[in-house]
Structure formats: C-alpha cells, structure tokens
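To start, the structure under review is shown below, and the notes come after it.
Residue numbering restarts at 1 for every chain, and letters A, B, ... go by the order of the sequence lines.
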Protein chains: 2
Amino acid sequence: MMEKKDTKQIILDEALSLFAVNGYEGVTVADIANAVGIKAPSLYKHYMSKQDIFDAILTEMEERYKGQVTPMRINGMDANKDMGLFINISEEQLIEMGKGLFLYFLHDEYALKFRRMLTIEQYRNQKLSTLYAKQYIGAPLSYQGMLFGFLSGAGVMKQENPQIMALHFYAPMYLMLTLCDCHPEREDEVLSTLEQHIRQFNHLYQSKGD
Amino acid sequence: MMEKKDTKQIILDEALSLFAVNGYEGVTVADIANAVGIKAPSLYKHYMSKQDIFDAILTEMEERYKGQVTPMRINGMDANKDMGLFINISEEQLIEMGKGLFLYFLHDEYALKFRRMLTIEQYRNQKLSTLYAKQYIGAPLSYQGMLFGFLSGAGVMKQENPQIMALHFYAPMYLMLTLCDCHPEREDEVLSTLEQHIRQFNHLYQSKGD
DNA sequence: GTCTATAAGAAGATAGAC
DNA sequence: GTCTATCTTCTTATAGAC
C-alpha cells in the first residue's frame with residue numbers, strides 16, 4: 001500500500017516549483033498538469049481550482065513550520081536550552097552552526113522554493129507579506145536577540161544592544177541567502193564570506209578582545 | 001509646447017507601478033491602458049507589444065543609473081573624493097548619511113518600484129537576476145568596501161577586513177529596506193533601528209574603543 | 001482518476017473609422 | 001492618437017466516456 005507518492009501531493013510539489021519561479025499568474029494549470037504528468041482536467045479531481053492549489057501549498061507550509069525549526073533556531077522555541085550550547089562555544093563551532101543553518105535554508109527543497117514564492121507574491125497579498133516578514137526577518141532576529149542577550153548577560157559577549165547584535169549577525173546571512181537564491185554558482189564564494197563574517201563578528205563582540 | 005507629459009512616458013510610469021506589484025504576467029495591457037486613461041489598442045501606437053513596454057522600462061532604468069548615484073555612493077563613482085568627507089566624520093553625520101541614503105531608496109518613486117519589479121521578476125530572467133545582484137548587493141558592497149579600506153588604512157577605523165566591514169554596514173540596511181518595501185507602516189521603527197545599527201557599528205569599528 | 005471534447009471568458013494584438 | 005469592432009489564441013473549468 002502507498003507504493004507511489006500521492007498524486008495530490010505531487011501536484012503541490014510541482015505547483016510550488018513552478019510558482020517559485022514564475023509566480024502565480026505566470027503558471028497555468030496546464031503547466032502544473034504537465035509537470036505532474038497528467039492532463040489539466042485531471043487536476044480538478046484533486047483540487048477545486050488553481051487558487052485552491054496555491055492555498056493548499058500555504059496550508060502545508062504553515063503546518064510544516066508550526067512550532068518547528070524556524071529560521072536560525074537551534075532547539076526550536078527555547079533559547080534557554082540553546083544557551084548551554086553557546087556559553088562555551090568555540091569560534092569554529094559558531095561557524096559550523098552558521099553554515100549549517102545557512103545551507104539548510106539554501107538546500108532544503110521546500111524551504112528554498114517557498115521562500116522564493118513568498119518573495120514573488122508578497123506585494124500582492126498582505127497575508128503573504130506579513131508571513132514573509134515574520135518568517136525571514138522578525139523570527140530570526142527575535143530569537144537571536146534573545147540568545148545574544150543571554151550571552152551578553154553571562155559575560156561571554158560585550159554589553160551591547162542584543163537586538164542590534166542579532167541584526168549584525170543575521171542580516172549578512174539574509175543578504176547572502178537572497179544572493180544565492182538566484183546565483184547558486186556563487187555558493188562557494190558566499191560560504192567563504194559567511195565564514196569570514198562570523199569570524200569577524202565573533203572577534204568584534206566577544207568580551208575579551210585580543 | 002510639451003504642455004502635458006508625454007503619453008509614451010506615462011505608459012512607462014503606470015506600467016512600472018503595476019509590474020512592481022503584480023509582476024509581468026499579473027498585469028494585462030488593459031490594466032496598463034486603464035491606468036493611463038486610454039483604451040488598450042491605443043497603447044500599440046506607442047509600443048509594439050507588452051514585452052516592448054517592459055523592455056523600455058529596463059532601458060530607461062539603465063540610462064537613469066548609468067554612471068550615476070548607485071546604492072550608497074556619495075560622490076558617484078569615486079570613493080577617493082568621499083574619503084575627504086569621511087575621514088573626520090562624526091557619528092551623527094554618519095547616521096544622517098545612512099538615513100538619507102536609506103530614505104532615498106525607500107521614497108524615490110522609481111527606485112522603489114524598480115527594485116520591487118526586479119525582486120519579483122529576477123527568478124524568470126537571468127539578465128534581471130544579474131542586474132539585481134549588481135545593483136543592490138555587488139555595487140554597494142564593493143563601493144563601501146573601498147571606503148572602509150581607506151578609513152582602515154588611514155587609522156580612523158580598525159584593521160579588519162574591509163569587505164566584511166562593508167557587509168556589516170550594508171546588510172542591515174538591505175534587510176530593513178526589504179522589510180519596509182512591504183511594510184511602510186514600520187518605517188519609523190526601522191529608522192530608529194537603523195540609527196542604533198550605525199551607532200553600534202561605529203562604536204565597534206572605530207580605532208579608539210571607549 | 002485519467003482522458004477527450006468543449007464551453008466560456010480573458011488576453012494580446014490588428015483593422016480601420018474618426 | 002484614440003476609439004470600436006474583431007480576430008486568434010490561451011486559460012480556467014466542466015461534461016461525460018472509459
């Protein structure tokens with residue numbers, strides 16, 4: 001039983017792939033059907049309309065991220081748990097962590113495509129723009145702000161505004177992510193820059209300067 | 001003569017406004033004509049096709065930016081000239097400059113709409129993705145890297161990697177710009193964060209720490 | 001659940017009057 | 001230069017056979 005993947009799910013996957021490049025209006029139901037390997041009318045046995053497919057993608061993504069690993073979190077929701085990991089973290093470990101999170105965002109098929117789709121569609125839909133701002137800006141900054149607040153309080157890092165520290169840590173990753181989205185061929189170069197960024201960040205913010 | 005704005009130019013302006021929200025495929029020639037205040041067939045007296053209108057927008061923007069103020073530059077192409085301004089710049093002046101450049105990007109009608117259009121269309125068109133990467137990432141980082149290299153060499157700022165310094169200065173502005181694009185109501189909050197960012201950046205990187 | 005056939009409307013573009 | 005009328009193709013969606 002369940003030998004092959006559910007057609008209903010395949011439709012979502014292929015539709016997301018197409019929406020993530022061409023946007024909602026740039027994709028026809030025939031395009032989606034063709035990617036799935038069926039004819040357009042067959043789609044309507046699985047979904048009521050093109051808009052219904054789009055909405056189903058949103059719903060699935062909401063489920064997928066609910067209470068789960070949102071951008072740049074380690075132990076999910078709880079920065080307190082992560083504190084134990086960070087309080088004696090080495091620079092090399094910090095770099096590995098940053099790279100790992102960065103590459104998750106860049107290489108996870110769904111994370112990448114969904115981010116691109118939101119990027120394209122955000123201006124037409126207030127719900128999507130709010131989701132984008134929360135998912136890719138608000139949540140990571142808030143979480144990391146908490147983390148750097150702890151590290152600052154514990155004396156591991158300098159007594160600077162933790163919100164701005166989070167901005168200084170995350171914004172370069174955000175910029176490089178949007179760069180790699182369209183230029184995957186620059187990934188090696190960007191990963192090298194990411195490493196230098198974290199090294200210099202750590203150097204600037206650690207309590208005992210060299 | 002030339003009492004009213006050229007219809008040909010109005011078409012470009014209105015088309016850009018629409019493309020910047022809905023993307024190329026999300027806009028019909030009837031939409032554009034309606035925004036201009038004429039009927040769709042009349043458009044074809046000015047442009048050969050819908051694609052022709054889109055291309056004309058690109059061409060105009062290329063002209064507009066050619067050898068001119070690209071993101072975050074002060075005296076255009078020449079960082080050497082800007083050096084004189086920066087070498088004894090106060091923190092307050094640095095903040096004013098950062099805010100000024102930020103607000104130019106956010107409030108200049110064309111700059112804003114063109115950036116949004118590129119954001120939407122970049123995944124479908126390699127020329128556009130290259131332009132986006134150059135205009136909003138490569139150029140500002142390159143220019144500021146040069147500037148911080150000078151300031152570092154002059155002893156005004158610490159001896160750190162100037163490319164990474166530029167990333168630390170510009171990436172937060174880039175992030176906040178993409179945030180404000182969809183959430184103009186958060187502009188005050190973001191401007192306050194921008195100020196704190198530049199203050200903390202200056203504090204971290206200036207040669208004589210407090 | 002998938003297909004072919006087809007309806008109903010939208011979209012890009014042209015013709016020709018004014 | 002703008003309009004109405006129209007052409008053609010594309011697009012969403014439905015009907016009904018298999």
Inset, instruction - Measure the distance from CG on B:Leu18 to P on C:dG12 and round it to the nearest whole Å. - result: 12 Å

Inset, instruction - Check side chain to side chain donor-acceptor pair (under 3.5 Å) between B:Lys99 and all other residues, then give those that pass, not counting sequence neighbours. - result: B:Glu195

Inset, instruction - With sequence neighbours excluded, tell me which residues meet salt bridge (charged side-chain N to carboxylate O under 4.0 Å, His left out) with B:Arg115. - result: B:Asp181

Inset, instruction - Report the residues that fulfil side chain to side chain donor-acceptor pair (under 3.5 Å) with B:Lys113, sequence neighbours left out, ordered by chain and then residue number. - result: B:Ser17, B:Glu109

Legend entry - Any B:Ser42 side-chain nitrogen or oxygen under 4.0 Å from OP1 or OP2 of D:dG1: no

Inset, instruction - Measure the distance from CG on A:Leu43 to P on D:dT11 and round it to the nearest whole Å. - result: 14 Å

Inset, instruction - Kindly state each residue pair satisfying salt bridge (charged side-chain N to carboxylate O under 4.0 Å, His left out) with at least one member in residues 37-47 of chain A, sequence neighbours excluded. - result: none

Inset, instruction - Residues of residues 44-51 of chain A with any non-hydrogen atom less than 4.0 angstrom from an atom of DNA chain D: list those, numerically ordered, please. - result: A:Tyr44, A:Ser49, A:Lys50

Legend entry - Results of side-chain contact (heavy atoms from CB on, under 4.5 Å) for A:Asn125 - residues two or more places apart only: A:Lys127, A:Leu128

Inset, instruction - Sort and list the pairs that fulfil salt bridge (charged side-chain N to carboxylate O under 4.0 Å, His left out) and have at least one residue in residues 137-153 of chain A, not counting sequence neighbours. - result: none

Legend entry - Aromatic centroids of B:Tyr132 and B:Tyr136 separated by under 6.0 Å: yes

Inset, instruction - Give, ordered by number, those residues of residues 22-40 of chain B having at least one heavy-atom distance below 4.0 Å to an atom of DNA chain C; if nothing qualifies, reply none. - result: B:Val27, B:Thr28, B:Val29

Review item, side-chain donor-acceptor pairs of residues 23-31 of chain A, under 3.5 Å, at least two apart:
{"residue": "A:Tyr24", "atom": "OH", "partner": "A:Gln51", "partner atom": "N", "Å": "3.1"}
{"residue": "A:Tyr24", "atom": "OH", "partner": "A:Gln51", "partner atom": "OE1", "Å": "3.3"}
{"residue": "A:Thr28", "atom": "OG1", "partner": "A:Ala30", "partner atom": "N", "Å": "3.4"}
{"residue": "A:Thr28", "atom": "OG1", "partner": "A:Asp31", "partner atom": "N", "Å": "3.0"}
{"residue": "A:Thr28", "atom": "OG1", "partner": "A:Asp31", "partner atom": "OD1", "Å": "3.4"}
{"residue": "A:Thr28", "atom": "OG1", "partner": "A:Asp31", "partner atom": "OD2", "Å": "3.2"}
{"residue": "A:Asp31", "atom": "OD2", "partner": "A:Thr28", "partner atom": "N", "Å": "3.0"}

Inset, instruction - Take atom CG of B:Asp52 and atom C1' of C:dG12, then tell me their distance rounded to the nearest Å. - result: 13 Å

